[in-house]
Visitor: 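Dropping the structure in here first, questions after.
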Amino acid sequence: FQTAISSADKLCDVIDDETTPFASKYKARTLLDQINSKLEATRTIAMLEKKKNLIEAMDCRMASVRVRLGIISWECEEPHNAQTDLELACEFYFPTLIQTINTLTSDKDNASDNEPVDANAIIELKPPENLLQLPKSESYTLLELAADGMKVLNILGILWAGRSQIHKSFYFLLSANKFFLSTIVRKNEPGAKKSAVDDLENIYTHNCFYLAQAYGNIGHSKLSSKYCHLTLQRQFQFNLQPFFKEYGTSSNGTKPASELNSKNVLEFVNKLKLALDWVKNCGGMSVFYMAMKHYKNCALALSSAENMLRQIVMPCLKNVDSRLPTSLRESSATMLNNLKSTSEEMEADLHRRFVSLDVLILKAASSAHKEKILAAEMGIPYVPTEETEDNEELPSKQSVADSSVFKFGTSSSSGSKESSEVEFFTGIPVTPITFLSANDIDSFEKARTVFLRAATRIEVAKKHYVIDGFVTDHSTLLQEHSQLYHYLSLFETETKRKLAMESRRIEMLSPLLHQLNKASYEVLHKQISYELGESALAMLEIKLDKFRSRESSGEIDFKKLKVAEKTKCNEYSKTALVMFAHFTYMYCQAKDRISTKTSQHFETLPLYQLSDCCCMDPDEGLISEDEIRPFLNAHFLSCRVLSKIIPSKNDLPPDGPKAHYIMACLRRYTWLVEIAPRLCKRYNVEVSTLFGDEIKICQDLVKLLPAKIDRMNYLGEGGLSL
C-alpha cells in the first residue's frame, strides 16, 4: 500500500507539458482508484469476518486515498468530483462536522449574490471545536492523520470560497487553523516522526495563506495582513532558513557553502525561486501598511525583503557558477541567468517602494509643517487634522505554534548584535529607518535627510528602469523626485533656494512632454502637465510673496517692481498657462485633437494669446469621475495665474484693454460656474463635495470682477490687488 501511495504522490509532483497539463495526475488517479477498489473489497471481507481492527485500518487507508483523489480533482479543475471525495474523507476524520457546518450556514450563504458580506459577522465565526477530534487508529500516528485531516479542511475551504459560499468557506478554514493549534502541541510525543511534523507545519502555512486571501476578499485588511505576515514568517522559518544555512553563502563570502551536484542543484534553484517569491510577497505586504499609514511596519517589511535579497539570494547567485560541477554549468546557465535578472529587477522594485514610502512621509510632514505655521500665525495651538501613523500596531508576539515574533535586538557580550536591530520576521534582523513619522520631521535638516535617502534610491532604481524599455516606471521615478523637491521646499525659508527647488522640478519633468507620445502615454501627459502647471504657479507665488514682504502694508506696489522682476513673474505665469492648457486639451473633442494643441505649440505663443488657450468645449465623456476635480481645478488655477500677470505694453494685445487678463478670468469663472454642476451631475456627485470652495469663489468673482475691470480700464488700477 505505501509503495503504491508513494508512486501516486510522485506522479502528482510531475510537471507535465502545457499541451497535456494533467497527464501525470490522471495516471495517479487511475492508480489510486485501483488501490481504493482493493481496499473496499478487503473491507467488505473484513466486515463479513467481523475483524474490527482490519475494518478500522481499511477506513484509514481509504480516507487517505480519498484525500489524494480529492486534491487531484481540485488541481485538475474538477471541483464537483473534488467535493465528493473530500467530504467522504472529512466524514472519517471529523464525523458530523460537515453536517454541523451546513446547519450553521443554511440561512447565510443562500442569500442573494448581490447582498454584501458582513465582515464583522465573519470575524465573529467560531469553529465547532468539539468536533475537531480525530478517530483513534492503530495503523497511523496522530500527526499522520492530522496532516490529511487538515488538507481536507483547507481544500474544502477554498472550494466553497470559489462558489461564493463565504461563511461555509471560513468555517472550514478556521476549523483547520484551530485544529492545527490544538494538535501541534503534541509534536514531541513518543512516536512522532519529524517528517509528519514538517508536513503538518507546511499544511498550516498553506492555511495561513488561504486565510490571508479570505480576509482580504471580505475587505478586512488588518486580519489579511496578519495572516500574510504569518505566512511569510513560516515560509522563511520552515522552508528557506534551514536550506540556506546549509547551501547559502554570506554576503561577505566568509561562510562556506555546501557543494552543489546533480542531485541537489534543482532543489537549490527551486529554493531560490521560493526566496524571490518571498521577497516579492513581502514587498506586496508593504503596500497594505503604506495604505494604512503604518509607515514603520512598511519600512520594516521592505527592509526585511531587502535583507533577504542582498544577504541570502544575491550572494548565492553571485558564487553559484564556481560551485557547480562543469557538467552542469551549461545546462543550468539559462535558469540561473533568469534568476539573476529577476533578483536585479526585484532590487530595483524595492528601491522604488522605499521611494514611494518616503514621498508619503515627506508629504505628510510638509502638510503638518504648514498647519503648524498657520496655527502659530493665528495664535492657536496646533492640533493634527487627521490620525497619524504613530498609532499603528506592530505585529504582536504570537503563540509558539504561530512562530511570528516582533522583537528588538539585544546586545550580546560579544557585541555581535546592535541594540537598535529589530526582527520584523524572526531570523531576519534589520536596522529600523529613522524619520518615519510626520511628527518626527520638524525642521529642514530632518526633511532633507528623508529627501536625500529617497533621491539616492531613485538614482539607483533609474539605472534599471531606463526610459528606453521602462517608460512608465522611469517617468514615475522622475515624478516622485519632483514631488520630493516640492515637499522639501515647504521647509525652506530662503526664497532663492525655494525657487531653485521648484525650478529643478520643471527641468526634470518638462522634457518628458516632448519625449513621450501623447496618444500612447495619455495618463503620463495628464499627470506631468498638471504637475508642471502647479510647480510654475508655486514659483509665481513664492516670487510675489517676496515682493509683498518688502512693503509694510503687505501689498505689492507693481510700480516699484523692476522690469526684470516683472518679466520673471510673467515667465512663470506663461509656463503655468502653457501646462494647464496642455492638460485641459487632453479632454478636447475629436475635431480639436491636432498637433498644435500641445505645450510645444503653446510655448511659441505670446502671453496675451494664452489667456484663452484652454479647452472650454471638452468631450465630457472623456472626463471620468476621478478626473472631474483635476479638470475643473486646472481651469481654476489658470484663473489665479491670469489674475497675477503684471502686463507691460508687450504683454497686451495690440490696442487691447489694460484689463485683458482679468476679462479672461471673468470669462473662465463664468464658464466654471456653468460647467462644474453639469459635470458633477453626470456622475451623481455633489459639486459642494468635489469643488465646493472653488465654486463659491467663482460665483463671488463673477459678481465682483466687472467693477474691477472698469477700474482697471478707466482708473488705471492694477490687477495684483485682486
Visitor: Give a yes or no on whether a salt bridge exists between Arg497 and Glu492, defined as a side-chain N under 4.0 angstrom from a carboxylate O.
Guide: yes

Visitor: With rounding to the nearest 0.5 angstrom, report the CG to OH distance, Leu223 to Tyr215.
Guide: 5.5 Å

Visitor: Between Arg682 and Glu625, does any side-chain N to carboxylate O distance fall below 4.0 Å?
Guide: no

Visitor: Do Glu694 and Gln699 pass the side-chain contact (heavy atoms from CB on, under 4.5 Å) test, and can you show the C-alpha distance, the side-chain angles, and the key distance before you say yes or no?
Guide: CA-CA 9 Å; Glu694 291 84 356; Gln699 291 167 343; over 6 Å; no

Visitor: Can you find a pair of side-chain heavy atoms, one from Leu488 and one from Met501, that are under 4.5 Å apart?
Guide: yes

Visitor: Checking Ile528 against Leu478 for the side-chain contact (heavy atoms from CB on, under 4.5 Å) test, could you report, in this order, the C-alpha distance in whole Å, the side-chain angles of both residues, the deciding distance, and whether it holds?
Guide: CA-CA 10 Å; Ile528 292 168; Leu478 290 177; over 6 Å; no

Visitor: Per the side chain to side chain donor-acceptor pair (under 3.5 Å) rule, what does the pair list look like for residues 605-620, sequence neighbours excluded?
Guide: Gln589-Asp617, Ser611-His660, Asp612-Arg667, Glu620-Arg678

Visitor: Under 4.5 Å between any side-chain heavy atoms of Asp440 and Ile361, yes or no?
Guide: no

Visitor: Rounded to the nearest 0.5 Å, what's the gap from CG on Leu577 to OH on Tyr661? Could you check?
Guide: 8.5 Å

Visitor: Check the pair Ser356 / Met290 against side-chain contact (heavy atoms from CB on, under 4.5 Å), numbers first and verdict last.
Guide: CA-CA 9 Å; Ser356 297; Met290 199 180 298; 4.2 Å; yes

Visitor: Quick check: are there more than 12 heavy atoms from other residues, nucleotides or ligands sitting under 6.0 Å from NZ of Lys372?
Guide: yes

Visitor: I'd like to know whether His464 forms a side-chain hydrogen bond (donor to acceptor under 3.5 Å, both in side chains) with Glu344, so could you lay out the CA-CA distance, the side-chain angles of the two residues, the decisive distance to 0.1 Å, and finally the verdict.
Guide: CA-CA 8 Å; His464 177 80; Glu344 290 169 0; 5.6 Å; no

Visitor: Minimum heavy-atom separation for Tyr530 to Pro630, with atom names?
Guide: CE1-O, 3.4 Å

Visitor: Verify, without hydrogens or angle tests, whether Ser535 (side chain) and Leu532 (backbone) share a donor-acceptor contact under 3.5 angstrom.
Guide: no

Visitor: Is the Tyr587-Phe631 ring centre distance short of 6.0 angstrom?
Guide: yes

Visitor: Would you name the heavy atoms of Leu672 and Pro677 that are closest together and state the gap between them?
Guide: O-CD, 4.2 Å

Visitor: Could you check, using the six-membered ring where one of them is a Trp, whether Tyr669 and His635 have ring centers closer than 6.0 angstrom?
Guide: no

Visitor: Side-chain contact, heavy-atom cut-off 4.5 Å: Ile458 with Lys462?
Guide: yes

Visitor: With a 4.5 Å cut-off on side-chain heavy atoms, are Ser529 and Phe580 touching?
Guide: no

Visitor: Report yes if the side chains of Ser343 and Leu309 come closer than 4.5 Å at any heavy-atom pair, otherwise no.
Guide: yes

Visitor: Quick check against the 3.5 Å criterion: does Ser475 have a side-chain atom that pairs as donor or acceptor with the backbone of Thr472?
Guide: no

Visitor: Starting from the C-alpha separation in whole Å, work towards a yes-or-no answer on salt bridge (charged side-chain N to carboxylate O under 4.0 Å, His left out) for Arg353 and Asp349.
Guide: CA-CA 6 Å; Arg353 292 180 188 274; Asp349 182 66; 2.8 Å; yes

Visitor: Which heavy-atom pair separates Ala461 from Ala348 by the least distance, and what is that distance?
Guide: CB-O, 4.1 Å

Visitor: With a 4.0 Å cut-off, would you call Glu571 and Lys574 a salt bridge?
Guide: no

Visitor: Just verifying a value: how many Å separate Leu540 CG and Tyr572 OH, rounded to the nearest 0.5 Å?
Guide: 9.0 Å

Visitor: Given 3.5 Å as the limit, does a donor-acceptor pair link the side chain of Ser520 with the main chain of Asn517, or not?
Guide: no

Visitor: How far apart are the closest heavy atoms of Pro706 and Leu701, and which atoms are they?
Guide: CD-O, 4.3 Å

Visitor: Verify, without hydrogens or angle tests, whether Asn713 (side chain) and Ala659 (backbone) share a donor-acceptor contact under 3.5 angstrom.
Guide: yes

Visitor: Spell out, as yes or no, whether a donor-acceptor pair under 3.5 Å connects the side chain of Tyr487 to the backbone of Val359.
Guide: no

Visitor: Judged by atom type as modelled, is there a donor-acceptor pair below 3.5 Å linking the side chain of Asn217 to the main-chain atoms of Gln213?
Guide: yes

Visitor: So does Glu522 pair up with Lys526, basic N to acidic O under 4.0 Å?
Guide: yes

Visitor: Is it true that a side-chain atom of Ser573 and a backbone atom of Cys569 form a donor plus acceptor pair closer than 3.5 Å?
Guide: yes

Visitor: Test side-chain contact (heavy atoms from CB on, under 4.5 Å) on Leu357 and Tyr289 and set out the steps.
Guide: CA-CA 10 Å; Leu357 173 62; Tyr289 290 129; over 6 Å; no

Visitor: Would you say the side chain of Ile506 lies within less than 4.5 Å of the side chain of Met539, judging by non-hydrogen atoms?
Guide: yes

Visitor: CD of Glu531 to CG of Leu524: how many Å apart, nearest 0.5 Å?
Guide: 11.0 Å

Visitor: Between His474 (side chain) and Tyr465 (backbone), is there a donor-acceptor pair under 3.5 Å?
Guide: yes

Visitor: From Ile675 CD1 over to Leu632 CG, what is the distance, rounded to the nearest 0.5 angstrom?
Guide: 7.0 Å

Visitor: Would a distance-only check, ignoring hydrogens and angles, find a side-chain to backbone donor-acceptor pair under 3.5 Å from Ser224 to Ser221?
Guide: no

Visitor: Which atom names give the shortest non-hydrogen contact between Leu642 and Arg668, and what distance separates them?
Guide: CD1-NH2, 4.1 Å

Visitor: So, for Cys613 and Tyr585, which heavy atoms are closest and what is the spacing to 0.1 Å?
Guide: C-CE1, 4.2 Å

Visitor: Taking Ser624's backbone N and O only, do any of them form a donor-acceptor pair with Glu627's side chain (distance below 3.5 Å, no angle check)?
Guide: yes

Visitor: Answer yes or no: is there an ion pair linking Glu565 with Lys568, defined by an N-O contact shorter than 4.0 Å?
Guide: no

Visitor: Under a 4.5 Å cut-off applied to non-hydrogen side-chain atoms, are Val563 and Lys566 in contact?
Guide: no

Visitor: Between Phe547 and Lys560, is any pair of side-chain heavy atoms under 4.5 Å apart?
Guide: no

Visitor: List the atom pairs, with distances to 0.1 Å, where a side-chain N or O of residues 443-457 and a protein N or O form a donor-acceptor pair under 3.5 Å, not counting sequence neighbours.
Guide:
{"unit_1": "Ser443", "atom_1": "OG", "unit_2": "Lys446", "atom_2": "N", "d": "3.3"}
{"unit_1": "Lys446", "atom_1": "NZ", "unit_2": "Asp442", "atom_2": "OD1", "d": "3.2"}
{"unit_1": "Thr449", "atom_1": "OG1", "unit_2": "Glu445", "atom_2": "O", "d": "3.1"}
{"unit_1": "Arg453", "atom_1": "NE", "unit_2": "Asp358", "atom_2": "OD1", "d": "3.1"}
{"unit_1": "Arg453", "atom_1": "NE", "unit_2": "Asp358", "atom_2": "OD2", "d": "3.1"}
{"unit_1": "Arg453", "atom_1": "NH1", "unit_2": "Thr434", "atom_2": "O", "d": "2.6"}
{"unit_1": "Arg453", "atom_1": "NH2", "unit_2": "Asp358", "atom_2": "OD1", "d": "2.9"}
{"unit_1": "Arg453", "atom_1": "NH2", "unit_2": "Thr434", "atom_2": "O", "d": "3.2"}
{"unit_1": "Arg453", "atom_1": "NH2", "unit_2": "Phe435", "atom_2": "O", "d": "3.3"}
{"unit_1": "Thr456", "atom_1": "OG1", "unit_2": "Leu452", "atom_2": "O", "d": "2.8"}
{"unit_1": "Arg457", "atom_1": "NH1", "unit_2": "Glu306", "atom_2": "OE2", "d": "3.0"}
{"unit_1": "Arg457", "atom_1": "NH1", "unit_2": "His351", "atom_2": "ND1", "d": "2.8"}
{"unit_1": "Arg457", "atom_1": "NH2", "unit_2": "Glu306", "atom_2": "OE1", "d": "3.3"}

Visitor: Show me the pairs that pass salt bridge (Lys or Arg N to Asp or Glu O under 4.0 Å) and involve residues 464-484, at least two apart or across chains.
Guide: Arg352-Asp473

